[in-house]
Amino acid sequence: MDENEIREALNRHWAASDANDFDVEHDIYREDAVLEYPQSGERIRGRRNIQASRVAQPNAKRFTVRRIVGAGDLWVAEFILAYDGRPSFTVSVMEFVDGKVARETQYFADPFEPGPSRARWVERMG
């Protein structure tokens, strides 16, 4: 799988994630894929378990991809994941083996108020 095909697969994955199309969303994973959430200390093994854990998640989810960068077998997506309208800035690191995701690690960060000490150097983002 070349880099254009991986980018297309990632675009399909994130669009399906946003549409709650769980079958298409999980086509990108190997059967033995591993997903880790370091902040909660969770590891999920296997594509079916990853999918089942997401299907069971009760909150309404929306995904807004900010950018996807990568080369070879290592790709990173930066996106905003909103659970019930509350945004969380998220980074997904995906490692591909034979054209499918073998390992994914997701990091989450909640928004916070800017510090007044740096206000004169800051441009507020939309």
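What's counted below: heavy atoms across the whole structure, side chains too, no hydrogens, waters or symmetry copies.
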If I compare all heavy atoms of Trp121 with all of Ser117, which pair ends up nearest, and what's the gap? CZ3-O, 3.3 Å

Is there a donor-acceptor pair closer than 3.5 Å between any side-chain N or O of Asp73 and the backbone N or O of Val97? no

In short, Pro87 meets Gly85 closest at the heavy-atom pair CD-O, 3.4 Å

What distance do His26 atom NE2 and Asp21 atom CG have between them, rounded to the nearest 0.5 Å? 10.5 Å

Starting from the C-alpha separation in whole Å, work towards a yes-or-no answer on side chain to side chain contact (heavy atoms under 4.5 Å, CB included) for Phe96 and Ile28. CA-CA 9 Å; Phe96 285 77; Ile28 201 167; 4.1 Å; yes

Flag the pair Asp23 / Gln51 as yes when at least one side-chain heavy-atom distance between them is below 4.5 Å, and no otherwise. yes

Do Tyr37 and Ile44 touch side chain to side chain, with heavy atoms closer than 4.5 Å? yes

Side chain to side chain contact (heavy atoms under 4.5 Å, CB included) between His13 and Val101, intermediate numbers included: CA-CA 11 Å; His13 168 76; Val101 173; over 6 Å; no

What distance separates Leu10 CG from Glu8 CD, expressed to the nearest 0.5 Å? 10.5 Å

Check Ser92 against Phe79 and note the closest heavy-atom contact, atom names and distance. CB-CE2, 3.8 Å

For Asn59, is there any backbone N or O sitting under 3.5 Å from a side-chain donor or acceptor partner on Gln57? yes

Using the rule that two of Ile, Leu, Val, Met, Phe, Trp, Tyr join whenever any of their side-chain heavy atoms come within less than 4.5 Å, decide whether Trp75 and Val24 are in one cluster. no

Can you find a heavy atom in the side chain of Asp98 that is under 4.5 Å from one in the side chain of Arg30? yes

dist Thr105:OG1 -> Gln39:CD (nearest 0.5 Å) comes out at 11.0 Å

Glu104: salt bridge (charged side-chain N to carboxylate O under 4.0 Å, His left out) partners, not counting sequence neighbours: Arg54

Shortest non-hydrogen separation from Lys61 to Phe22 and the atoms involved: NZ-CE2, 3.8 Å

When rounded to the nearest 0.5 angstrom, what distance separates CZ in Arg45 from CG in Leu35? 11.5 Å

ILVMFWY cluster, Leu74 and Val91 together (side-chain gap under 4.5 Å): yes

Heavy atoms of Glu3 and Gly72 approach each other most closely as OE2-N, 2.7 Å

Within the 4.5 Å heavy-atom criterion, are Lys100 and Met1 side-chain neighbours or not? no

Quick check: do Leu81 and Phe63 have side-chain heavy atoms less than 4.5 Å from each other? yes

CG/Asn20 to CZ/Arg62 distance, rounded to the nearest 0.5 angstrom? 8.5 Å

Minimum heavy-atom separation for Trp14 to Val65, with atom names? CB-CG2, 3.6 Å

Backbone of Ser88 reached by a side-chain donor or acceptor of Thr90 within 3.5 Å: yes

Who pairs with Arg67 by salt bridge (charged side-chain N to carboxylate O under 4.0 Å, His left out), at least two apart in sequence or on another chain? Glu78

Just to verify, what does Asp110 make a side-chain hydrogen bond (donor to acceptor under 3.5 Å, both in side chains) with, not counting sequence neighbours? none

I'd like to check Val34 versus Glu36 (side-chain heavy atoms, cut-off strictly below 4.5 Å). Are they in contact? yes

